[in-house]
K.L.:
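Please find one structure pasted underneath; my questions will follow.
Chain A is the first sequence line, chain B the second, and so forth, proteins listed ahead of strands; every chain is numbered from 1.
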Amino acid sequence: MGFPPVDDQLAVLMRGVADLVPEDALREKLEHSRKTDTPLRVKLGCDPSRPDLHLGHTVVLRKLRQFQDLGHQAVLIVGDFTGMIGDPTGRSKTRPALTLKETREHGRSYFEQAANVLDPDRTEIRYNSEWLDEMSFSEVIELAAQHTVARMLEREDFKTRYEAGQPISVHEFLYPLAQAQDSVEIQSDVELGGTDQRFNLLVGRHIQQAEGQDPQVCLMVPLLEGTDGHEKMSKSLDNAIGITEAPEEMYGKVMSVPDALIYRYTELVTDTPLDALPDVKAQAKANPRDAKHNLAHAIVRMYHGEDAADAARDHFEKTVVQGDTPDDIPVFTPESGNGTMGLLNLMTEAGLTESNSEARRLIKQGAVTIDDETVDNWRHSVDLDADLPFVLQVGKRRYARVEAPTSA
RNA sequence: GGGCAGGUAGCGAAGCGGUCAAACGCAACAGACUGUAAAUCUGUCGGCUAUGCCUUCGUAGGUUCGAAUCCUACCCUGCCCA
């Protein structure tokens with residue numbers, strides 16, 4: 001058995017890392033681990049309130065996987081306890097407290113998706129209600145006594161809110177402590193998280209120290225930008241690429257990412273080997289189009305396999321680059337086959353537009369074609385007997401094949 | 001419990017008796033441009049077979065020829081005082 005040499009491990013583990021605190025503690029931990037032949041316990045907390053994973057989440061999951069592949073122990077903490085309480089101060093008013101059952105379900109769903117990245121057989125899953133729910137009030141006070149308000153105010157968002165006279169609920173101070181307690185319970189050696197988790201991860205160190213444990217190393221990965229190229233990837237910002245999305249969808253979305261992010265994506269969310277990364281960097285600059293195709297292919301392959309990735313590339317070439325009509329477009333059959341039908345209604349009923357008004361606008365903008373011929377009159381109606389079938393296209397991406405009700 | 005400030009389209013934010021389906025910004029959508037993009041430019045962005053009509057400005061009533069704009073009650077949010 002035994003672990004690979006520490007320098008080799010570090011080479012893998014430091015890929016794409018945004019920050020490491022303290023700097024040299026990881027090396028020490030790894031050396032100790034190798035000497036004693038004991039795997040490191042690497043903790044990652046997940047929020048079960050949003051079970052749909054996207055590429056942004058995979059950055060940190062991939063990091064955890066790298067630890068696994070080197071023989072270390074992954075510990076996935078499902079934050080079911082905090083999920084149960086909910087977060088009443090969150091911006092979103094409607095964030096209902098989930099039941100234990102729901103958080104468990106979300107946790108399972110999260111894990112199923114995470115299994116695309118992690119090695120599920122070597123992942124220890126823990127629910128933090130296991131210990132947090134058992135704490136008495138005096139224990140909570142004891143925990144809270146380990147940290148000072150001044151320290152809490154070191155956190156940027158607390159600080160700015162406090163200075164701006166905005167409210168901070170007391171319980172908000174408790175969340176970082178709860179997360180820190182998780183680290184104590186599972187005796188983590190390393191905790192992973194995005195750079196936005198910095199403060200919480202550091203609190204973990206303090207509390208572990210107070211409990212007499214060797215404090216964990218905090219390893220932070222960057223927050224991946226979404227398809228818009230600026231904001232961090234997030235479902236609510238509508239710039240996310242979900243890992244369960246269809247291959248074509250995924251491929252297209254990756255292609256829509258700005259060129260500047262090709263290398264970053266490659267480094268953070270693909271399994272492109274370390275020594276190939278410099279080439280990617282060079283190619284991204286010299287030939288962004290091909291580099292991005294490679295990236296899209298690599299990403300789709302990881303979640304759907306080689307064949308699906310090839311198919312997705314062909315699909316993209318054909319429909320987007322050449323502007324051809326895709327093969328598998330949805331078929332719409334008008335309800336009644338009598339006489340004529342207004343195009344507006346047809347578009348709306350086929351689900352291509354939200355309303356007739358939207359349909360009319362799009363026609364006026366020259367965005368609607370029937371069998372590749374642009375429709376310029378919004379009063380256009382189609383003869384349900386003579387004109388069918390035809391392909392109706394709205395904008396670049398919305399299609400329907402309109403067929404007669406009785407046609408075979 | 002008291003005082004004050006607010007609740008406007010997906011979000012942010014103007015409007016404060018008529019010309020408001022409601023400025024402006026962001027997002028979104030479409031067109032042009034490109035290597036897919038990004039950036040940029042142009043346009044659209046409540047609904048309706050439509051030079052008009054209908055439903056919207058926290059909720060419910062009321063005053064007015066006419067209300068997002070005034071009045072009353074209620075709900076909600078934030079700040080301040082106790």
K.L.:
Take atom CD of A/E231 and atom P of B/rC26, then tell me their distance rounded to the nearest Å.
P.N.:
14 Å
K.L.:
Can any side-chain N or O of A/T369 pair as donor or acceptor with the backbone N or O of A/D371 at less than 3.5 Å?
P.N.:
no
K.L.:
Counting only Watson-Crick or G-U wobble pairs whose two distances fall under 3.5 Å, which nucleotide matches B/rC20?
P.N.:
none
K.L.:
I'd like to check the salt bridge (charged side-chain N to carboxylate O under 4.0 Å, His left out) partners of A/E358; sequence neighbours left out, ordered by chain and number.
P.N.:
A/R398
K.L.:
Can you check the distance between B/rA27 and B/rU42, where both ends of the measurement are the P atom (answer in whole Å)?
P.N.:
15 Å
K.L.:
My understanding is that only residues two or more places apart in sequence, or in another chain, count here; which of them pass salt bridge (charged side-chain N to carboxylate O under 4.0 Å, His left out) with A/R361?
P.N.:
none
K.L.:
When both hydrogen-bonding distances must be under 3.5 Å and the geometry is Watson-Crick or G-U wobble, what is B/rU64 paired with, if anything?
P.N.:
none
K.L.:
Near RNA chain B, under 4.0 Å by heavy atom, which residues of residues 375-383 of chain A?
P.N.:
none
K.L.:
Of all residues at least two apart in sequence or in a different chain, which pass the salt bridge (charged side-chain N to carboxylate O under 4.0 Å, His left out) check with A/D314?
P.N.:
none
K.L.:
For A/H147, enumerate each residue passing the ring pair (Phe, Tyr, Trp, His ring centres under 6.0 Å) test, keeping only those at least two apart in sequence or located in another chain.
P.N.:
A/H206
K.L.:
Can you tell me, in whole Å, how much space there is between the C1' of B/rC16 and that of B/rG7?
P.N.:
15 Å
K.L.:
Counting only Watson-Crick pairs (N1-N3 plus N6-O4 or O6-N4) and G-U wobbles (N1-O2, O6-N3), all under 3.5 Å, who is the partner of B/rU40?
P.N.:
B/rA32
K.L.:
Quantified in whole Å, what is the C1' atom distance between nucleotide B/rA50 and nucleotide B/rG17?
P.N.:
29 Å
K.L.:
Can you check whether A/R361 has a side-chain N or O nearer than 4.0 Å to OP1 or OP2 of B/rG47?
P.N.:
yes
K.L.:
What does the list of N/O pairs under 3.5 Å between the protein and nucleotides 28-37 of chain B look like, with a distance for each?
P.N.:
from	atom 1	to	atom 2	distance (Å)
B/rC29	O3'	A/R398	NH2	3.3
B/rG35	N1	A/D259	OD2	2.9
B/rG35	N2	A/D259	OD1	3.2
B/rG35	N2	A/D259	OD2	3.3
B/rG35	N2	A/R289	N	3.3
B/rU36	O2	A/M255	O	2.1
B/rU36	N3	A/K292	NZ	2.8
B/rU36	O4	A/D259	OD1	2.7
B/rU36	O4	A/D259	OD2	3.3
B/rA37	O2'	A/S256	O	2.3
B/rA37	N1	A/D259	OD2	3.4

K.L.:
Using a 3.5 Å distance criterion without hydrogens, assess whether the side chain of A/Q187 forms a donor-acceptor pair with backbone atoms of A/V184.
P.N.:
no
K.L.:
Which value, in whole Å, describes the distance between the C1' atoms of nucleotides B/rG61 and B/rA9?
P.N.:
25 Å
K.L.:
Return the value, rounded to whole Å, for the distance between atom CG of A/N239 and atom P of B/rC26.
P.N.:
18 Å
K.L.:
Compute the centroid of each ring, for A/Y251 and then for A/H297, and state whether the two points are separated by less than 6.0 Å.
P.N.:
no
K.L.:
Just distance, no hydrogens or angles: give the donor-acceptor pairs under 3.5 Å from side chains in residues 214-228 of chain A, sequence neighbours left out.
P.N.:
from	atom 1	to	atom 2	distance (Å)
A/D214	OD2	A/K29	NZ	3.0
A/Q216	OE1	A/S183	OG	2.9
A/Q216	OE1	A/S188	OG	2.5
A/Q216	NE2	A/E191	OE1	3.0
A/Q216	NE2	A/L201	O	3.1
A/E225	OE1	A/R264	NE	2.7
A/T227	OG1	A/N239	O	3.4
A/D228	OD1	A/H230	N	2.8
A/D228	OD1	A/E231	N	2.9
A/D228	OD2	A/N239	ND2	2.5

K.L.:
Which value, in whole Å, describes the distance between the C1' atoms of nucleotides B/rU19 and B/rG15?
P.N.:
14 Å
K.L.:
Between B/rA68 and B/rA13, how far apart are the C1' atoms? Round to whole Å, please.
P.N.:
14 Å
K.L.:
Write down the distance separating the P atoms in B/rG6 and B/rG10, rounded off to the nearest Å.
P.N.:
23 Å
K.L.:
Checking the side chain of A/R126 only, and the main-chain atoms of A/I186 only, is there a donor and an acceptor separated by less than 3.5 Å?
P.N.:
no
K.L.:
Using atom CD1 of A/I363 as one end and atom P of B/rU44 as the other, report the distance to the nearest whole Å.
P.N.:
17 Å
K.L.:
Tell me the partner of B/rU56, counting only Watson-Crick (N1-N3 plus N6-O4 or O6-N4) or G-U wobble (N1-O2 and O6-N3) with both under 3.5 Å; none if nothing fits.
P.N.:
none
K.L.:
Report the residues that fulfil salt bridge (charged side-chain N to carboxylate O under 4.0 Å, His left out) with A/E245, sequence neighbours left out, ordered by chain and then residue number.
P.N.:
A/K253
K.L.:
Would you please confirm or rule out a distance under 4.0 Å between OP1 or OP2 of B/rU49 and any side-chain N or O of A/N356?
P.N.:
yes
K.L.:
Rounded to whole angstrom units, what separation is found between the NZ atom of A/K364 and the P atom of B/rU49?
P.N.:
13 Å
K.L.:
Using the P atom as the point on both nucleotides, what is the distance between B/rG25 and B/rG46, in whole Å?
P.N.:
15 Å
K.L.:
Classify A/S357 by what it touches in the nucleic acid, base, sugar-phosphate, or nothing, heavy-atom distance under 4.0 Å.
P.N.:
base
K.L.:
With both distances under 3.5 angstrom, what nucleotide forms a Watson-Crick or G-U wobble pair with B/rU69?
P.N.:
none
K.L.:
For A/N377, check side chain to side chain donor-acceptor pair (under 3.5 Å) against everything at least two apart and list the hits.
P.N.:
none
K.L.:
Both distances below 3.5 Å, Watson-Crick or wobble geometry, any strand: find the nucleotide opposite B/rC79.
P.N.:
B/rG3
K.L.:
Applying a 3.5 Å limit to both distances, which nucleotide forms a Watson-Crick or G-U wobble pair with B/rC26?
P.N.:
B/rG10
